[in-house]
Amino acid sequence: MYRKSTSALVCKTWVCKTKTLLGTTFLQQQQQQQRHCFSGANASPKVQKMGDNSSSRITRVLFCGPHFPASHNYTREYLQSYPFVQVDDVPLESVPAVIGDYEICVVKNFRMNSDVLSRAKSMKLIMQFGVGLEGVDINAATKHGIKVARIPGGATGNAASCAEMAIYLILGLLRKQHHLKISVEQKKLGEPTGDNLQGKTVFIMGFGNIGIHLAKRLRPFEVKILATKRSWGRLAQDSSKSEAPSVENGSYDDLVDERGNHADILKFASKADIVVCCLAMNNETAGIVNSDFISVMRKGVILINIARGGLLDYDAVLTHLKSGHLGGLGIDVAWTEPFDPDDAILEFPDVIITPHVAGVTELSYRYMAKVVGDVVLQHHAGEPFTGIEMVN
């Protein structure tokens, strides 16, 4: 069975707890903005009238699979005042059988191939609850007349959330999180001896929205920042569109100490104490962190991945953990997800793995739910889509 409900029947279960925990003026403003956003105040007047008149036409929205549950739960909550919208979350194995009944689909980690797309007879839009669309056959979607879109990470807080997770993983490995737990259990004080982030050289591989947010947060730690990007000339222009942190006059001097392009990745890897993967996943970047890459890194380097699991060559990572050449591994994404809890990589003490939650925060997911909800209402009203980035 899959969960099927009209948005009007969903219970109001979310309670904002951040107000009592975080009292800064900025966060209070964010909370006020969230309350405004999720009250439906920005919905189209045309849609509001349709809701008041109980329009008989139902717009059906499909979320694929049970993972990342806040995505469909928060979207339902945002749309609960609109009885003409139906939001369903369906087991992955059931998607091909039911997809023909839906007009909008949020894929999450479902593989939307040509066969499945051929069954989506009523589908108008396929979205990702975030930025990664590597699981969608975009050419096939275009062939079937289906639009495909992502939600820009900078505008929703997703990029900032991922950058914070990268710092969490870095600090956890530097301070030997696994050994700290053992010391508490064994009632030891003053050990283990950790390491400082201060003074380290950090290589940000992929200087897009997440990389920019990460660099801004790393600066106060007094680190040296190296970064690579396919084209540095576009960032000042793109940042305003994606709401990434601004870079004044196209200058990167305040964020990056040394910058390069794809040809410089091995050179930069050889200089770094910490390497953070922030690349998009495609044919060129799949398995880019391979044995050659890790071999040029200094012994004891920490490797972080908050982008996509396939960027790292599994065998190369395992081999260099066994040899001790790789000093630590922090990953929020894995080669197969959910990750096997019995995998050999988890036997190493200097490994931290989190269950693909870098972007899963209240701020990020509430805003993405709003974007999805607004797009649904725009579709129902026959209005142009806003707030999303079309890729076909």
Side-chain angles (χ1 to χ4, degrees), residues 1-7 57-76 79 85-153 158 280-286 307-311 333-340 355-356 359-360 365 368-369 371-373 375-376 378-380 385 387-392:
M1 293 293 292
Y2 62 88
R3 184 174 179 181
K4 184 174 183 179
S5 65
T6 57
S7 57
R57 184 172 70 86
I58 301 296
T59 293
R60 293 175 172 84
V61 184
L62 172 65
F63 280 76
C64 299
H67 302 302
F68 308 94
S71 63
H72 47 259
N73 291 335
Y74 287 3
T75 303
R76 274 199 193 93
L79 292 168
V85 176
Q86 176 178 308
V87 178
D88 299 335
D89 55 288
V90 177
L92 293 174
E93 62 273 15
S94 300
V95 171
V98 303
I99 195 169
D101 298 330
Y102 294 88
E103 298 163 68
I104 295 176
C105 177
V106 181
V107 290
K108 297 194 282 186
N109 60 333
F110 181 74
R111 292 287 174 182
M112 190 70 72
N113 58 30
S114 180
D115 177 63
V116 176
L117 287 164
S118 68
R119 307 178 186 208
K121 301 300 184 182
S122 302
M123 191 65 60
K124 304 302 180 187
L125 176 67
I126 293 171
M127 296 181 63
Q128 181 57 282
F129 208 82
V131 296
L133 284 167
E134 62 273 4
V136 180
D137 187 332
I138 297 173
N139 290 332
T142 303
K143 177 182 175 182
H144 290 287
I146 303 171
K147 289 294 184 181
V148 181
R150 61 167 63 93
I151 302 175
N158 181 268
M281 181 74 175
N282 53 46
N283 292 334
E284 186 179 3
T285 60
R308 287 293 183 265
L311 297 173
V333 288
W335 300 268
T336 58
E337 294 181 342
F339 197 55
D340 181 2
H356 206 141
V360 185
Y365 263 47
M368 286 195 285
V371 172
V372 173
V375 164
V376 172
Q378 290 160 8
H379 168 70
H380 191 89
F385 294 135
I388 54 177
E389 180 185 342
M390 294 294 182
V391 298
N392 67 346

Quick one: closest heavy-atom pair of [X] and [Y], and the distance?
X	Y	value
L92	P66	CG-CD, 4.5 Å
I388	P152	CA-CD, 4.2 Å
A70	Y365	CB-CD2, 3.5 Å
D137	A140	OD1-N, 2.9 Å
R60	D101	CD-O, 3.3 Å
V107	C64	O-CB, 3.4 Å

What is the distance from atom [atom1] of [X] to atom [atom2] of [Y], rounded to the nearest 0.5 Å?
X	Y	atom1	atom2	result
C105	M112	SG	CE	3.5 Å
L62	F110	CG	CZ	8.5 Å
R150	N158	CZ	CG	12.0 Å
F129	N109	CZ	CG	13.5 Å
M127	I104	CE	CD1	7.5 Å
I138	L133	CD1	CG	5.5 Å

Could you check L117 against I126 for side-chain contact (heavy atoms from CB on, under 4.5 Å), going step by step and ending with a plain yes or no?
-> CA-CA 10 Å; L117 287 164; I126 293 171; 3.3 Å; yes
Do [X] and [Y] make a side-chain contact, defined as non-hydrogen atoms from C-beta onward lying under 4.5 Å apart?
X	Y	answer
F63	V372	yes
H67	P338	yes
R308	N282	no
H379	L125	no
L311	M281	yes
M368	S71	no
D88	V98	no

Can you tell me if [X] uses its side chain to pair, donor with acceptor, with the backbone of [Y] under 3.5 Å?
X	Y	result
R76	V87	yes
T285	A280	yes
T59	V85	no
Q128	K108	yes

Candidate pair M123 and I99, rule side-chain contact (heavy atoms from CB on, under 4.5 Å), full reasoning | CA-CA 8 Å; M123 191 65 60; I99 195 169; 3.7 Å; yes
Set of side chain to side chain donor-acceptor pair (under 3.5 Å) partners for T142, sequence neighbours left out |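 Counting only residues at least two positions away or on another chain, T142 forms a side chain to side chain donor-acceptor pair (under 3.5 Å) with N392.
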Which salt bridge (charged side-chain N to carboxylate O under 4.0 Å, His left out) pairs, counting each pair once, include a residue from residues 116-130, with sequence neighbours left out?
->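 Every pair satisfying salt bridge (charged side-chain N to carboxylate O under 4.0 Å, His left out) with a residue in residues 116-130: D115-R119.
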Please list, chain by chain and in numerical order, all residues satisfying ring-ring contact (aromatic ring centres under 6.0 Å, His included) with H356, sequence neighbours excluded.
->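 For H356 the ring-ring contact (aromatic ring centres under 6.0 Å, His included) partners, ignoring immediate neighbours, are F68.
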Any residue meeting salt bridge (charged side-chain N to carboxylate O under 4.0 Å, His left out) with [X], in chain and number order, not counting sequence neighbours:
X	answer
R111	none
E284	R230
E337	none

